[in-house]
Protein chains: 2
Amino acid sequence: MLWTVISLVVSALAIGVAAYFYKWVQNLPVAEGNISQIGQLIRNGAFTFLKREYRILAVFVSIVSILILLVFPSPIWQGNAIDNILAAIAYIIGSIFSGYAGYVGISIATIANVRSASAAKKGLAPSYMAGFRGGAVMGMAVVSAALAGAALLHLIIPEKAELVMAFSFGASSLALFAKAGGGIFTKTADIAADLIGKVELGIPEDDPRNPAVIADNVGDNVGDVAGMGADLFDSQVASLAAALVIAAPLGQIEVIFCFGALGLLASIIGVLSARVGENGDPGKALNGGTYLTCGIFVVLTLIASLVSQFNMRIWGATVLGMLVGVIIGVTSEFFTGDDKKPVAKVAEACKSGPAFTILSGFSYGLVSIMPSIIGIGIAALGAYKLLEPLGGSYPMFGISMAAIGMLSIVGMIISNDAYGPIVDNARGLAEMGNLGDDVLEITDKLDSAGNTAKAITKGFAIGAAGLTVIALLGAFQEIVFSVTQKTIEFNLMDPLVFFGTLVGAAIPAVFSAMLMLGVNRNSQKMVDEIHRQFNTIEGLKEGKPGVMPEYEKCIDIATVGAIKELIPAGLTAIIITLIVGFVGGVQAMGGFLAGNIVTGLFLALLMSNAGGLWDNAKKFIEAGNFGGKGSDAHKAAVIGDTVGDPFKDTAGPSINTQITVVSLVASITAAVFAMVSLFS
Amino acid sequence: MLWTVISLVVSALAIGVAAYFYKWVQNLPVAEGNISQIGQLIRNGAFTFLKREYRILAVFVSIVSILILLVFPSPIWQGNAIDNILAAIAYIIGSIFSGYAGYVGISIATIANVRSASAAKKGLAPSYMAGFRGGAVMGMAVVSAALAGAALLHLIIPEKAELVMAFSFGASSLALFAKAGGGIFTKTADIAADLIGKVELGIPEDDPRNPAVIADNVGDNVGDVAGMGADLFDSQVASLAAALVIAAPLGQIEVIFCFGALGLLASIIGVLSARVGENGDPGKALNGGTYLTCGIFVVLTLIASLVSQFNMRIWGATVLGMLVGVIIGVTSEFFTGDDKKPVAKVAEACKSGPAFTILSGFSYGLVSIMPSIIGIGIAALGAYKLLEPLGGSYPMFGISMAAIGMLSIVGMIISNDAYGPIVDNARGLAEMGNLGDDVLEITDKLDSAGNTAKAITKGFAIGAAGLTVIALLGAFQEIVFSVTQKTIEFNLMDPLVFFGTLVGAAIPAVFSAMLMLGVNRNSQKMVDEIHRQFNTIEGLKEGKPGVMPEYEKCIDIATVGAIKELIPAGLTAIIITLIVGFVGGVQAMGGFLAGNIVTGLFLALLMSNAGGLWDNAKKFIEAGNFGGKGSDAHKAAVIGDTVGDPFKDTAGPSINTQITVVSLVASITAAVFAMVSLFS
């Protein structure tokens, strides 16, 4: 139990660091003028959305907790009712923790944005620190919640590893909707603001005359901060859950908590040592922190493995996972980095018009799938083979440890990731609050560093999700075994497995299409509203002093739209999973999960990378290449970027969560469908 | 052997019908004016491309035939050298037949286009007949070649069912390059012609001043006629090959030839009875012919099964396959039909600009994957379950018969499909030859009927390819068994299988990206050339009488570009297959094929349907909706259509062939990789 307890201690330490950073950021000075007032508007908008979203999700969580009570870990009319009650409670706790992750994120991000903008008056370094430490609050809070939650569950009821499955499902199902809802909100506002502001009127980004501009900044918080936080919380919990379920019969739970605790410790050290010089490169600082954390993790886990006498093969699998995470991140960066060939090629294609912009970006996005997906394959294969000599379910445990390795530094990753929307907001506040060109230049620099860091962290997130769901497939098999006492093999030549695979392959497509169509519908509504305001509010277009747009109308459209759209997509994925289970039993479900993983990774990588590519191609042109701002190439690039927006910020990242949720739904209902199904 | 012989007889009959139609079309009158001269330009351009393409492919075929000689059916240094020599010969014959299919297609299509345009002066019915019977020449020629080839191989060397595998590989590998090369050619010219003609200069489609206009019409022939013919020839041969390999140990070869012969007979009847009234709807006539053929096939095979006392379950599986083909076709039509909701929605989105056009079309394309892929899953599952009571490898045989069923009416399908580019060409010739507005109206009607029919036939083609490769997976297992005497199971929890699955999933992405980037590069080159001509040839833009553009320069750019680009993409797919086999052995290859099928179907359906959707959304606007021609919505729709062009006519349909080729490469090299591999 030593490492389980240490996990709690390190989690407490991380919470301490988070609290310290929170206070530190809060005490930073706020610039004069209307910036604090605008900041308050953003904060209110974000919390309003969050409240409405959580109200809906509370209903969902209540219903699902009743279902869990009925069927998990075994149908309540057959097994032990206490187990089911515990599972339902674990599920509810998981969803509350996930909600808390989003809440903390928004709470700090909407304070840090104002401070970061204000600090930019003093220079790049203080502004960077405000943004980064704001992000780190979230990083520390999220990871400690995940680790402490799993450790507590294990300490209180050590013999029930599957409870963590219910905990994980709570985290995932909330993350699914938070990610989808936030993603729809943010891109609705972003696209509408850009289309009217940049394309139609030619006014700068974040111009306060634009009625959608506050909604756009709110979106950064609810989509990129709260949604992303819930997403990574979910990934981490899922990787822990998969590993714990597989490790329980092997008696290897301690090593999971050991590596989890040391990963968090490494992240704490990495976060505390983050610095940038006044003339330094903030992008390098962010990535440098990531690499440093990786290094610390490798050393710490090596020492711990030697001291605690864990099998060194487990350590090898874990480090392999982490290394592949880095490699995936670096290749993603190749495809989206603005100093690399693909971005330059797509930017060049913009000269020939929007069709070529789309075609070339889409094509490079397709190519970018290859290295990442092969990387995931190599990590899984390598981890499996490393632990194969240990026999039994050790090889599958190896894969789950590779996932843990890839997510080991997630504290650092979230810090970097949350930094992005904070400094993006800071840029907006600087523009709206008229803080001057010097400040804008600094916030621009910080913003673009966030994009670079994002490429790498996204690589980690998708890679980890991939490995986690492979491990979850193993956990699924383990659970089916515990119910039926039969080891099922998912043989592709079994038509039920193949049928499941085909259906599973279609899910990410339908899911992401529903989200994108939602963004489409809502942003068209918002465009209409902006037109209405410009046409009816006198003096708005001309920027007459004292004339203000009705910001809250746009926030309302985004909120209502996102709330309406977030449920159907997620529910479709869950319901089809249940139908497949009912029709084809656990065999079909195994294939279903595999098909879902394969096309899920495929689409997530395609959309994230193509989206990032178009974004940076646009920035490449805005930097003065191929005609620069206002040229035809730029117009084409803006169209590419608009297509890429819901790709990379709505659909792409939501697919991760969708795969995890479906895997967990399968595990949770395995007992039922092992008993009742049509064809097996 | 009865049905094998009947297959030859029916094939001979089909060739007779083809010859009769060929003469019939050839003897139709040609209108006065320069139309025959322009027709000759198109014909010469098409044959020039074909010759250069075949010259390159001859080198490829020679190299591969040597490799086959060395390793298939077993390494020459271990097995019987005679078998290897026969396999190499079968391979060469397969590739020659495939080349012949393309040759016949171009030969008739470039005669029928001129006749169809000329006949339009007399009315819709004669023009339709010229187009349809032209297409039917190809349909009859292709299907009889496939059936007769397989039957002959079987008659001459009855005990070697795997020879037909080599024959099929010859057909596939040629089809892969013909489809890719033709697809690149046609979209290079189409996009360049549209961008300059429609978008920049606002001149009508097929305006003779446009230097790319002949290349565009040549492209219809080399891409849609020759490429498509090779593709469907390949699908049909592959489905026969898979069924024969699986059927051989079961002693069920006769039923395959029976159903193949009756399918061709049904197509002959369908083709001969095709008619349209002067005020009739040509689209309905085409689809009506398809349904008629299906009905005849069902009745004939029912009778034959009863008479020849085949197991009725086999008949059931075959008919199930055919029915699912119809269902897939009808759902594809829902997503691309211009009287259905998706097209109207995408057309409406065009009002908000190109980004929304792309996003909504792409989203509907994603949704459209679902019904088709589930349909394929149901067909496979149903056919398997139907034949499961017969035991052994019968269930897998059921799947292969479902594929045969789906391709049973391929003679009719090719006729419909080849009709499309012929009347499209006729439209171009009518415009360039100044045949008047009445003629243009008729050819427009015929052209749009071709698009409607295409939606259904494409559904068949993709569905059949899906089932065929599932059957090929069964054949692969069969071949591995014959080499190793072990039934390998492709268990998804086996890390080699999973690794293979992930790599296989990436192939269609990289393959299609390479093709699209090829189109991108070449059409940009052609755009530059068109600009050059308009800038340097005096009087061209103004349409001064006697001033002609240098058509052949554009044809040359498309030819050279396509030839250069067609090899790398196909070769990449083949080489990665070999690497996976070498690294992970037959286990990894099994997973590789499965992953390849899943994302291959996924991308093929997405691209075909999204492309068709954008095309028809543009036509919907051109018909006067949402502002009609020249409006901003129309401009956005043209951009969508341009993105969709390589989606639906280059990458999408080539993926079918890519999957088949990779499956056959795996089967052919199975013996080698069962013996030598790194990790298994």
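Here is how names work: the chains are called A, B, and so on, in the same order as the sequence lines, proteins then strands, and each is numbered from 1.
- Contacts between Leu601(B) and chain A at a heavy-atom distance below 4.5 Å involve the side chain alone, from C-beta outward.
- Heavy-atom pairs under 4.5 Å with chain A peak, among Leu606(B), Ile470(B), Ile369(B), Thr501(B), at Ile470(B).
- Proximity to chain A is absent for every atom of Leu605(B), based on heavy atoms less than 4.5 angstrom apart.
- Ranking Asp641(B), Leu603(B), Thr642(B), Leu359(B) against chain A, the residue ahead of the rest is Leu359(B), based on heavy-atom pairs under 4.5 Å.
- Residue Val527(B) does not touch chain A at all, counting heavy-atom pairs closer than 4.5 Å.
- For Phe511(A), no part lies under 4.5 angstrom from a heavy atom of chain B.
- Heavy-atom pairs under 4.5 Å with chain A peak, among Ile374(B), Leu473(B), Val598(B), at Leu473(B).
- Val638(A) does not touch chain B: none of its heavy atoms, backbone or side chain, sits under 4.5 Å away.
- If you measure heavy-atom distances from Ile576(A) to chain B, the contacts under 4.5 Å come from the side chain alone.
- Nearest heavy-atom pair, Phe602(B) versus Ala505(A), reported as atom, atom and distance to 0.1 Å: CE1-O, 3.4 Å.
- Shortest non-hydrogen contact noted between Gly591(B) and Leu492(A) is CA-CD1, 4.2 Å.
- From Asp528(B), atom CG reaches atom OG of Ser352(A) across 7.5 Å, with rounding to the nearest 0.5 Å.
- In this structure, the portion of Lys385(B) lying under 4.5 Å from any heavy atom of chain A is its side chain and not its backbone.
- With a 4.5 angstrom heavy-atom cutoff, Ile373(A) touches chain B via backbone and side-chain atoms both.
- Counting heavy-atom pairs under 4.5 Å between each of Glu489(B), Met493(B), Met370(B) and chain A puts Met493(B) at the top.
- Ring geometry, Phe362(A) versus Phe362(B): the interplanar angle exceeds 60°, so the pair is classed perpendicular (tilted spans 30 to 60°).
- Within the 4.5 angstrom heavy-atom criterion, only side-chain atoms of Gln477(A), from C-beta onward, approach chain B.
- In this structure, chain A has a heavy atom under 4.5 Å from the side chain of Ile358(B), while its backbone stays farther away.
- With Phe356(A) as the fixed residue, the side chain to side chain contact (heavy atoms under 4.5 Å, CB included) test singles out one of Val519(B), Leu195(B), Val643(B): Leu195(B).
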query: Going through the distances and angles, do Ile597(A) and Phe498(B) end up as a side chain to side chain contact (heavy atoms under 4.5 Å, CB included)?
result: CA-CA 11 Å; Ile597(A) 294 170; Phe498(B) 205 91; 4.3 Å; yes
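- Residue contact with chain B, scored on non-hydrogen atoms closer than 4.5 Å, involves the side chain of Pro646(A) exclusively.
- Contacts of Met514(A) with chain B are absent, with no heavy-atom separation under 4.5 Å from either backbone or side chain.
- Partner of Ser363(A) under the side chain to side chain contact (heavy atoms under 4.5 Å, CB included) criterion, chosen from Leu517(B), Val510(B), Asn520(B): Leu517(B).
- Comparing Ala651(A), Pro495(A), Ala506(A) by heavy-atom pairs within less than 4.5 Å of chain B, the highest count is held by Pro495(A).
- Note that CD of Gln524(A) and OG of Ser360(B) are 7.5 Å apart. Values are rounded to the nearest 0.5 Å.
- Both the backbone and the side chain of Ala349(B) have a heavy atom closer than 4.5 Å to some heavy atom of chain A.
- When each of Leu381(A), Val367(A), Ile378(A), Thr599(A) is checked for heavy-atom pairs under 4.5 Å with chain B, Leu381(A) comes out on top.
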